[in-house]
Amino acid sequence: MKKFLALFALVLATTFALAACAPAGEPITVDSNTIVIDVRTPSEYSEGHLDGAVNIDIQDANFGTILSQLPTDGEYVVYCRSGNRSAKAVEIMKAAGFTNVVDAGGVNDASTKTGIAIVQ
């Protein structure tokens, strides 16, 4: 029974991990009030980013300081390369009191979900 439960737990954990990594097909509404934030490095940003996105590098020592200058009640869509850094940035933003933050995942998924083109 213990082996069965361990195997079941492993299958369940793997299923949830794969589901969390899969791009959600839900569109993200972006309007003139929405600030789109690319949390990648400046060099990654220059290689291609969503048109109109602001680059705030999560790895920059001033990330928290820059966030503190933004209104916490604004509308934000956050993305990165694969979705890992954007998830971390959204977590940081919510902990800092931001109330309307959406994690769009990786840059390609973010482009698909928002309908915003990737530009250089």
Side-chain angles (χ1 to χ4, degrees):
M1 184 66 163
K2 287 183 182 180
K3 287 182 181 181
F4 172 76
L5 290 176
L7 180 59
F8 180 73
L10 178 63
V11 170
L12 190 60
T14 303
T15 302
F16 281 119
L18 291 174
C21 294
E26 294 297 316
I28 297 171
T29 303
V30 176
D31 61 29
S32 61
N33 296 318
T34 308
I35 298 172
V36 180
I37 301 174
D38 183 324
V39 295
R40 300 176 299 158
T41 64
S43 63
E44 289 174 301
Y45 178 85
S46 69
E47 292 172 0
H49 57 274
L50 297 191
D51 194 17
V54 177
N55 184 215
I56 307 175
D57 182 0
I58 191 170
Q59 298 172 348
D60 187 307
N62 294 319
F63 183 72
T65 303
I66 295 167
L67 286 183
S68 70
Q69 297 171 10
L70 299 174
T72 56
D73 62 348
E75 297 175 21
Y76 301 93
V77 172
V78 181
Y79 72 93
C80 63
R81 183 181 55 81
S82 66
N84 291 326
R85 287 175 281 179
S86 62
K88 184 177 179 180
V90 166
E91 184 179 307
I92 292 168
M93 291 175 77
K94 287 183 176 181
F98 287 81
T99 57
N100 191 358
V101 184
V102 176
D103 181 359
V107 63
N108 292 321
D109 288 339
S111 177
T112 300
K113 293 174 190 177
T114 62
I116 301 173
I118 298 172
V119 298
Q120 285 186 316

Under the side-chain contact (heavy atoms from CB on, under 4.5 Å) criterion, do Asp38 and Tyr79 qualify, and how do the steps go?
CA-CA 5 Å; Asp38 183 324; Tyr79 72 93; 2.9 Å; yes
Distance, nearest 0.5 Å, that separates CG of Leu67 from CD of Gln69:
9.0 Å
Hey, are the side chains of Val36 and Thr114 touching, using non-hydrogen atoms and a 4.5 Å cut-off?
no
Is any side-chain heavy atom of Val77 less than 4.5 Å from a side-chain heavy atom of Ile116?
no
Looking at Ser46 and Ser43, what are the two nearest heavy atoms and their distance?
OG-O, 2.8 Å
Keeping Ser111 on the side-chain end and Asn108 on the backbone end, is there a donor-acceptor pair under 3.5 Å?
no
Checking side chain to side chain contact (heavy atoms under 4.5 Å, CB included) between Phe98 and each of Leu70, Val90, Val78, Asp73, which is the one that passes?
Leu70
With side chains defined as the heavy atoms from C-beta onward, is the minimum distance between Ile118 and His49 less than 4.5 Å?
no
Indicate the atoms forming the closest heavy-atom contact of Ala104 with Ile28, along with that distance.
CB-CD1, 3.7 Å
Flag the pair Asn84 / Lys88 as yes when at least one side-chain heavy-atom distance between them is below 4.5 Å, and no otherwise.
no
Are Phe63 and Val39 side-chain neighbours, meaning at least one heavy-atom pair lies under 4.5 Å?
yes
Are Thr41 and Arg85 side-chain neighbours, meaning at least one heavy-atom pair lies under 4.5 Å?
yes
Looking at side-chain heavy atoms only, is the closest gap between Ile37 and Met93 below 4.5 Å?
yes
Which distance, rounded to the nearest 0.5 Å, do you find between the CZ of Arg81 and the CG of Asp109?
12.5 Å
Can you name the one residue among Asn33, Val101, Ile35 that meets side chain to side chain contact (heavy atoms under 4.5 Å, CB included) with Glu75?
Asn33
Any donor-acceptor N or O pair under 3.5 Å, side chains Asp103, Ser86:
yes
Quick one: pull up CD1 in Ile56 and CZ in Arg40 and give me the separation to the nearest 0.5 Å.
13.5 Å
Evaluate the side-chain proximity of Thr34 to Val102: yes if any heavy-atom separation is below 4.5 Å, no if none is.
no
Would Tyr45 and Val54 show up in the same hydrophobic cluster when neighbours are defined by side-chain heavy atoms closer than 4.5 Å?
no
If we ignore hydrogens and angles and just use 3.5 Å, is the side chain of Gln120 paired with the main-chain N or O of Glu47 as donor and acceptor?
yes
